Amino acid sequence: MKGWWGKILHVDLTSRKTREINLDAKMYVEYIGGRGLAARLLWDMVPQGTDPLSPYNALVFANGPLSGLPLPSSGKMQVACKSPLTNGYGDGNLGSMASFHLKRAGYDAVVVTGASKNPVYIYVENNKAEILSAEDLWGMNTFEAEDAIVKRHGKNIGVLLIGPAGENMVRYATIVSQKGRSGGRPGVGAVMGSKKLKALVIKGSMEPPVANPEELRRLSEEAYKSITQSDNYDFWVRQGTMSTIVWSNQNSVLPTMNFREGVWELYETISGDLMEKLKVERRGCPYCNMQCGNVVNDEIGEKSELDYENVAMLGSNILLSDLKRVAEINKLADMMGVDTISLGSTIGFAMEASEKGLIRERIEWGDYRTIRELTIDISYRRGLGAFLAEGVMRMSRGLGKEAVEFAMHVKGLEISAYNCHTAPGMALAYGTSSIGAHHKDAWIISYEVRTDRFSYSSEKVERLVFLQNIRGGMFESLTTCRLPWVEVGLNLEYYPKLLTAVTGISWSFDDIHTAAQRIYSLIRAFWIREHAGWDRMMDYPPARWFKHPLTKGPFAGAKLDIVKYDEMLSQYYKLRGWDENGIPLRSTLEKLNLSFTIPVLENLVELK
Ligand code: PTT
Ligand code: SF4
């Protein structure tokens, strides 16, 4: 078998034992790798009803067959677990040298279970693993800890680590790498902290198994060339995802004042054009020739790597109108290891709750000092920060019905930076994403604003399923960066061809589509297994978009229509082979080789 090592490393921190688990070829053909592999491992290894912050949860670091190989933007990997924020399936995508090294260390994935009594880190090198003391690293922020680890093990390693937020089990703590790459929005960093695991350090130098290296080289060369020849290439390397600020404002989807509005008169104070003027450096993931990590000097003259989501959620969403200050909060979030999207959302929620008198504390919109203080207090769970560390779903429940309406989350995961008052397709994308409200599975909003924007059409739903299968299914499982396709138009046809060259197995888009359908239904089964009384309300976006119309911009007065949203949702379920409550049909599970989920689901819900 080529493309995969055929084995994963299992580290149990309670018994301090490590072992290799061999996986058969069928597993890889059915689940591809990355997210698909992680979903299957979590189904198998996490007992039903597990408290996500208990030793029984499993933490998965998974490569896909294309990760870390010499092909466009391949330096990505998945981190996954049962989420402490949503209690459902949670994962994130991270671009780092860790993916390169894991590819060469002899494992397709590392799975960590149990919990250590004292702080530790795991060191993996070419088919061997050790559990080492992290007493001296515990308490350090991610930048300091990475420097200390590099000093100990040298520069030629991949490091994935948590900061104070992960140590203190903030429900949206992430895993950070290379001082500016962060992954695992649904609290994957908190699960790492619950295991007292400060870092995973990987060094690999073995030749990765590739079926047809000549063909891989040929296809890669062609694809790299096609990327640089794209019309959008120059603009992309100048602005990266930051160009989206102006686009979002122009299209009334820029999250503003806790998603109350879609436009902000001060958008230029945080725009991609301004970022270009302040830019001091460009960074990126391994094997990428369109690097998008734009680094600026922040308010106190330190480096901060900016992306659209970070800047929108810590800028317009909380009315912080100074890019250098936004950059400082963004850098602090990376140092603390906390997700910028959830951070901007919980602070925005607290600002609105304060404005409405639902909490006693005064937190003014755009108040830089308070935002800064809260970022640190959240990470250490101090004072009001401890309340915000729980995320908006839990915060809102304690504050009553009014607060629930402006708690911007789906299934507990805070919404990433697109306001959907005028975007029903994107609202459905958030509603049905595999991890809660995140755009990574389907960024249908760009298609939506170009086409029939306000419609609830069946074409949109079909497009959504297609995008989810490509983005959330294929890219998250291969695992490579999707931006060469999304941003500079790299032909999708390259991906089945690359997969065929690497694995030696012939892959078509139909095969990939079937694997994606399988992955979506398995993840759905996981959610149902972990949530008693599952129903279609779980796939609804927040009430604000249905009840509180926009008051500013060209679409003032607009809001979503709940009846039409419901019709779209029903059509979505049909395309997935799920019933009216979003539960996979028995026939769907059988057809997708997911019959092993049936006895579990039958005990919980009526399987049709
Ligand atoms: C991702 C989410 C995003 S999506 C952003 S900015 W974006 C935020 N980044 C954060 C950050 O930074 N620091 C921090 N403390 N929290 C952050 N939270 C937010 O996390 C990222 C890029 C980007 S930048 C995007 S869109 C693309 N995402 C990809 C994806 O999801 N899959 C894939 N196959 N390729 C992708 N390519 C692009 O990668 P999560 P990264 Mg990220 C600092 O982690 O949990 O998936 O949430 O990984 O290496 O930083 O690259 O406008
Ligand atoms: Fe990483 Fe950006 Fe390149 Fe994607 S485009 S691989 S996120 S640097």
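Read the numbers this way: they start at 1 and go in the same order the structure lists the ligands and their atoms. Everything quoted here is computed from the prediction, not taken from an experiment.
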Ion pair check, Arg35 and Asp91, cut-off under 4.0 Å: yes

of all protein heavy atoms, closest to atom 37 (N) of ligand 1 is Cys481 SG, 3.2 Å

Among Ser182, Gly92, Gly90, closest by heavy atom to atom 44 (O) of ligand 1 is Ser182

Run the contact test for His439 against ligand 1 with a 4.0 Å cut-off on heavy atoms, strictly below, and give the result. yes

I want to know whether Tyr418 and Tyr430 have ring centres closer than 6.0 Å. no

* **Flag: protein heavy atom within less than 4.0 Å of atom 11 (C) of ligand 1** => yes

Numbered in order shown, the ligand 1 atoms found under 4.0 Å of a heavy atom of Leu483 are 37 (N), 38 (C)

Heavy-atom proximity to atom 25 (C) of ligand 1 ranks first, among Glu309, Lys440, Arg482, for Arg482

In this structure, atom 41 (P) of ligand 1 is nearest to the protein heavy atom Arg181 NH1, 3.5 Å

If you compare Ile329, Thr480, Leu413 by their heavy atoms, the one closest to atom 34 (N) of ligand 1 turns out to be Thr480

Are any of the side-chain nitrogens in Lys440 or Glu476 under 4.0 Å away from the carboxylate oxygens of its partner? yes

Exercise for review: May I ask whether His438 has any heavy atom positioned less than 4.0 angstrom from an atom of ligand 1?
Suggested key: yes

Heavy-atom proximity to atom 47 (O) of ligand 1 ranks first, among Gln178, Arg185, Met474, for Arg185

In this structure, atom 33 (C) of ligand 1 is nearest to the protein heavy atom Glu476 OE2, 3.1 Å

Within 45° cone of Tyr447 ring axis and under 6.0 Å: Arg463 NZ or CZ = yes

query: Does the pair Glu414 and Met313 meet the rule for a side chain to side chain contact (heavy atoms under 4.5 Å, CB included), with working shown?
result: CA-CA 11 Å; Glu414 285 75 16; Met313 294 307 291; over 6 Å; no

If only side-chain N and O atoms count, and only distance matters, is there a donor-acceptor pair under 3.5 Å linking Gln239 with Asp273?
yes

Taken by chain and residue number, the protein N/O/S atoms under 2.8 Å from atom 1 (Fe) of ligand 2 read Cys285 SG

Do Glu305 and Lys179 meet the salt-bridge criterion of a basic N to acidic O distance under 4.0 Å? no

Taking only non-hydrogen atoms of Leu94 and a 4.0 Å limit, the atoms of ligand 1 in range are 48 (O), 49 (O)

Ranked by distance from atom 8 (C) of ligand 1, the top protein heavy atom is Asn310 OD1, 3.0 Å

Aromatic ring centroids of Trp485 and Phe475 under 6.0 Å?
yes

- Task: Output, in order, the C-alpha distance, side-chain angles, deciding distance and verdict of salt bridge (charged side-chain N to carboxylate O under 4.0 Å, His left out) for Arg283 and Glu281.
- Result: CA-CA 7 Å; Arg283 294 181 192 156; Glu281 196 181 311; 3.2 Å; yes

Report task. Verify whether one side chain among Ser433 and His438 offers a donor that lies under 3.5 Å from an acceptor in the other. Result -> no

Exercise. Are the side chains of His101 and Ser99 in touch, meaning some heavy atoms are under 4.5 Å apart?
Worked result: no

Ranked by distance from atom 45 (O) of ligand 1, the top protein heavy atom is Gly184 N, 2.7 Å

In terms of its nearest heavy atom to atom 24 (S) of ligand 1, the top option of Asp307, Leu478, Ile175, Asp334 is Asp307

query = Is there at least one pair of N or O atoms, one from Cys285 and one from ligand 1, spaced under 3.5 Å apart?
reply = no

If you scan protein heavy atoms around atom 17 (C) of ligand 1, the nearest is Thr340 OG1, 3.1 Å

| field | Sub-4.5 Å side-chain heavy-atom contact between Tyr89 and Pro186 | value | no

message: What I'd like to find out is whether the side chain of Tyr224 reaches to under 4.5 Å of the side chain of Tyr287, using heavy atoms alone.
response: yes

| task | Carefully, step by step, assess Arg185 and Asp339 under the rule salt bridge (charged side-chain N to carboxylate O under 4.0 Å, His left out). | result | CA-CA 6 Å; Arg185 292 195 53 216; Asp339 175 46; 2.8 Å; yes

- Message: Between the side chains of Lys198 and Glu167, is the shortest nitrogen-to-carboxylate-oxygen separation below 4.0 Å, so that they form an ion pair?
- Response: yes

Contact check, Thr479 vs ligand 1, heavy-atom distance below 4.0 Å
no

Atoms of ligand 1 under 4.0 Å from any heavy atom of Gly180, numbered from 1 in the order shown, are 43 (C)

Is it true that Arg181 lies under 4.0 Å from ligand 2, counting heavy atoms only?
yes

Non-hydrogen side-chain atoms of Arg394 and Phe387 separated by less than 4.5 Å: no

of all protein heavy atoms, closest to atom 21 (C) of ligand 1 is Lys76 NZ, 3.8 Å

Of Val486, Asp339, Asn93, the residue with the heavy atom nearest atom 19 (C) of ligand 1 is Asp339

If we number the atoms of ligand 1 from 1 as shown, the ones under 4.0 Å from a heavy atom of Val338 are 14 (C), 15 (N), 16 (N)

With respect to Gly95, determine whether any N or O atom, backbone or side chain, lies less than 3.5 Å from an N or O atom of ligand 1. yes

Is the shortest distance from a Lys or Arg side-chain nitrogen in Lys324 or Glu299 to a carboxylate oxygen in the other one below 4.0 Å?
-> no

Here the atoms of ligand 1 under 4.0 Å from any heavy atom belonging to Thr241 are 52 (O)

Checking side-chain hydrogen bond (donor to acceptor under 3.5 Å, both in side chains) for the pair Ser220/Tyr494: CA distance, chi angles, key distance, verdict? CA-CA 9 Å; Ser220 287; Tyr494 275 109; over 6 Å; no

